[in-house]
Enquirer: 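Here you go, one structure.
The first residue in the sequence is number 1, and the count goes up from there. Here the structure is a predicted model, which is why all the values come from computation and not from measurement.
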Amino acid sequence: MGSIVREFDLNLVRTFVLLYETRSVTATAESLHLTQPTVSYGLQKLRRRFSDELFRRTGNGLVPTTTARALYEPLHAALAEIETAVSGAQSFDPASGRAAFTLCLSDLGEVSLLPRLMAALPSRAPGVTLTVRPLDVVSAVDQLGRGEIDAFIASPPLSSRRVARIPLFSEGYVGMVADSHPRLRGDRAGLKALAAERHIAVFGPAGHEGPRRALEAHGLLERVVLEVTRFSTLPYLVQDGELVATVPRRVAETFAAEHRVRLLELPMEIEPAQVSIYTRHAHARTPAQHWLVGFMHEILA
């Protein structure tokens, strides 16, 4: 496992690795469920052990020294080896284990992703239950740090060092209109035709800024006559009228199977949404949380 790890308290090694990955005492403390003074005390012990500052404080967080950069790879590898051995003895068995997890999902996640997870759970992990809370991307990282949730799925690529990001998929967009729309027929529409229609859009902190930018770039933003906060309302607003909506492809296909709507290929480039799982850093997850993240990735990616 390496002489450094044998000589050291494993918690100090975990503290060092998380400080290196998060560049933050606060984030490390949250991940380890410790107080900030405890993490700071651990850092002082690490500094004395290696006779080096290890991390310098800057306006952008902690910056590792040359010594810290040299230490990270061997300590990370040793810690991973130890945790693999420990998790083998204390692993979570989904076939027989019981666990309750809390996730934060957007309305899109509840419509298009949650059903796939729930369909797989009974056969894969009959003792697992899920609680789903509304996703607020502003507070979700804090909720994760406080241990209130186990993971959340979001489309804005969050750059916070306090959480680990596990990419799932990249998702494009399609247009959606009533199946009986009097002018937009078939499965695609041109810019001139779209410019003559009234549009509905979802704006807000949901991470789907691509459609707004595309509408603005093609002079269609002024054609938006209704803004809503949730994608899940769109089929009800579209199916009995003449509005045009821009919707992520996966959930649009779900809407088309259940509502009187038709999907259109759009004539404009729209930046795809990058959908990811956000969770604790690997060294701060329980065996059950490790299983959860792997299960979600396997089913949804």
Enquirer: Do Thr254 and Ser112 pair up side chain to side chain, a donor and an acceptor below 3.5 Å, judged on atom types alone?
Expert: no
Enquirer: How about His76 and Tyr20: are their ring centres within less than 6.0 Å of each other?
Expert: no
Enquirer: Would you name the heavy atoms of Ala195 and Leu220 that are closest together and state the gap between them?
Expert: CA-CD2, 3.5 Å
Enquirer: Taking the six-membered ring for Trp, are Phe92 and Phe295 closer than 6.0 Å centroid to centroid?
Expert: no
Enquirer: Which residue in the set Arg249, Glu271, His208 passes side-chain hydrogen bond (donor to acceptor under 3.5 Å, both in side chains) when paired with Tyr173?
Expert: His208
Enquirer: Are the side chain of Ser139 and the backbone N or O of Asp142 linked by a donor-acceptor pair below 3.5 Å?
Expert: no
Enquirer: For Glu269, look at atom CD and say whether over 12 heavy atoms of other residues, nucleotides or ligands are found less than 6.0 Å away.
Expert: no
Enquirer: So for atom CZ, which belongs to Arg198, do other residues, nucleotides or ligands contribute more than 12 heavy atoms lying within a distance under 6.0 Å?
Expert: no
Enquirer: When rounded to the nearest 0.5 angstrom, what is the spacing between CG in Leu18 and CZ in Phe16?
Expert: 11.0 Å
Enquirer: Crowded around Arg57 CZ? As in, over 12 foreign heavy atoms under 6.0 Å?
Expert: no
Enquirer: Using the ring pair (Phe, Tyr, Trp, His ring centres under 6.0 Å) criterion, which residues pair with Phe101? Sequence neighbours excluded.
Expert: none
Enquirer: If we count only N and O atoms by modelled type, under 3.5 Å, do the side chains of Arg69 and Thr66 hold a donor and an acceptor together?
Expert: yes
Enquirer: Determine whether more than 12 heavy atoms belonging to other residues, nucleotides or ligands lie under 6.0 Å from atom CZ of Arg185.
Expert: yes
Enquirer: Under the ring pair (Phe, Tyr, Trp, His ring centres under 6.0 Å) test, which residues partner Phe169, sequence neighbours left out?
Expert: none
Enquirer: Is the closest basic N to carboxylate O distance between Asp179 and Arg260 below 4.0 Å?
Expert: no
Enquirer: With the side chain counted from C-beta on, respond yes when Thr246 and Leu266 share a heavy-atom pair under 4.5 Å apart, and no when they do not.
Expert: yes
